[in-house]
Number of protein chains: 2
Amino acid sequence: MISSNFHRNTRQRKVILEELRKVKKHPTAAGLYAIVRRKMPKISLGTVYRNLELLNQMGMIQKLDFGSGEARYDGNLSDHDHLRCVCCMCVDDAPGPPLAIRGGRKEDWDGYKILGYRLEFFGVCPRCRGRRDD
Amino acid sequence: MISSNFHRNTRQRKVILEELRKVKKHPTAAGLYAIVRRKMPKISLGTVYRNLELLNQMGMIQKLDFGSGEARYDGNLSDHDHLRCVCCMCVDDAPGPPLAIRGGRKEDWDGYKILGYRLEFFGVCPRCRGRRDD
DNA sequence: CTGTCTGCAAATGGTTTGCACCATA
DNA sequence: TATGGTGCAAACCATTTGCAGACAG
């Protein structure tokens, strides 16, 4: 839990954001930790988690957490959908514009105040299809 | 991991499915464990998890796992969406017909073989709105 | 200076699993 | 009676957190 609203601009935070924006794929916290470690061998996994959580809350990155295993992080803020491979668990951006949700008053639904939705497509990625034609 | 395809019809499995179908809400494994325990005090949490996993794979129930905490289980197989309260984390069925995804060839997308999608709305439930008007 | 952030390591907590016994078909 | 299932408890593992020292502003 992050309590304060003021945040320092630490070297660690800069590198984490920088490296996350650099990769085209959507790494897990552990994956990004490995990448960041190449620039900053002494950084800890805890720091990576803390900063990813903070950057997500600040709206500077997007956390992709659809259960079943590790969360993934996306440094690309543009509105787009995601595709998860059920075979290798990798996550790609969906090509083209996001598929919007059809219809419905999304404001007040059965007493609920609707804030948003989470959408994720799943399937088999080209790499896994090549390995074994499902 | 469940390996075999043959399954016995145990007393525990029957009660778990029966109780899950009885509740209108979508309990967590621990919540259902508490309910089932009233009928079967000696049942173990591990058995509840094993059976929920199995029933989900058999397509007899639906597992709702969108990260951020515990998975929830739905005994209602009819096609409908879900609403999660970000405040108390409860999950309700969305009223009315499911909001379909608009447009798009969903078959073969950028080399991906698309199998389906997961959609979940989030907001504040009536109970939490009553407590504090967000 | 001061209060936030970091590295480290231990704790957390939902879920899974190994094992010996049980019970279903 | 042959196997799959159960209860129990320990293991797992991604993530979180307490703490003392480091560092940004």
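Only heavy atoms go into these numbers, but all of them, side chains included; no hydrogens, no water, no symmetry mates. Here is the naming used below: chain letters follow the sequence lines, and residue numbers restart at 1 for every chain. It should be emphasised that the depicted structure is a prediction, and the values quoted were computed from it without experimental measurement.
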Inset, instruction - Verify, without hydrogens or angle tests, whether Asp65(B) (side chain) and Gly67(B) (backbone) share a donor-acceptor contact under 3.5 angstrom. - result: yes
Legend entry - Nucleotide of dG7(D), dT6(D), dT6(C) approaching Ile43(B) most closely (side-chain heavy atoms): dG7(D)
Inset, instruction - Provide, to the nearest angstrom, the distance between the CG atom belonging to Leu45(B) and the C1' atom belonging to dT17(C). - result: 13 Å
Legend entry - Whole angstrom value for the distance that separates P of dT15(D) from CG of Leu54(A): 17 Å
Legend entry - Euclidean distance, His80(B) NE2 relative to Asp74(B) CG, rounded to 0.5 Å: 4.0 Å
Legend entry - Nearest-angstrom distance from the residue atom CD of Glu53(A) to C1' of dA14(D): 13 Å
Legend entry - d(CD, Gln57(A); C1', dT16(D)) in whole Å: 13 Å
Inset, instruction - For nucleotides 20-25 of chain C, just jot down a letter per nucleotide in 5' to 3' order: B, S or -, based on protein non-hydrogen atoms under 4.0 Å. - result: ---BBS
Inset, instruction - Tell me, please, which residues at least two apart from Ser44(A) pass side-chain hydrogen bond (donor to acceptor under 3.5 Å, both in side chains). - result: Thr47(A)
Inset, instruction - Take atom CD of Gln12(A) and atom P of dT4(C), then tell me their distance rounded to the nearest Å. - result: 17 Å
Inset, instruction - Please say whether the positively charged group of Arg118(B), taken as NZ for Lys or CZ for Arg, lies over the ring of Phe66(A), i.e. under 6.0 angstrom from the six-membered ring centre and within 45 degrees of the axis. - result: no
Legend entry - Among Arg13(B), Gln12(B), Glu19(B), side chain to side chain contact (heavy atoms under 4.5 Å, CB included) partner for Val15(B): Glu19(B)
Inset, instruction - Using only heavy-atom distances, determine whether the side chains of Asp93(B) and His26(B) contain a donor-acceptor pair under 3.5 Å. - result: yes
Inset, instruction - Measure from the side chain of Glu70(A), starting at C-beta and using heavy atoms only, and say which of dC8(D), dA14(D), dT6(C) lies closest. - result: dA14(D)
Inset, instruction - Ignoring backbone atoms, establish whether Tyr49(B) has a side-chain N or O less than 4.0 Å from OP1 or OP2 of dT15(C). - result: yes
Legend entry - Selected nucleotide, minimal atom distance to Arg50(A) side chain, candidates dG18(D), dT15(C), dG7(D): dG18(D)
Legend entry - Nearest-angstrom distance from the residue atom NZ of Lys14(A) to P of dC23(D): 14 Å
Legend entry - Gap separating the CD1 atom of Ile43(B) from the CZ atom of Arg37(B), nearest 0.5 angstrom: 10.0 Å
Inset, instruction - Mind calculating the distance between CZ (Arg13(A)) and C1' (dG7(C)) to the nearest angstrom? - result: 15 Å
Legend entry - Minimum side-chain heavy-atom gap Leu20(B)-Leu52(B) below 4.5 Å: yes
Inset, instruction - Pull out every residue in residues 15-38 of chain A that has a heavy atom closer than 4.0 Å to any atom of DNA chain C, ordered by number, or say none. - result: none
Inset, instruction - In whole angstrom, give the distance that lies between atom CZ of Arg72(B) and atom P of dG14(C). - result: 11 Å
Inset, instruction - State, with a plain yes or no, whether a side-chain heavy atom of Leu17(B) is found less than 4.5 Å away from one of Arg21(B). - result: yes
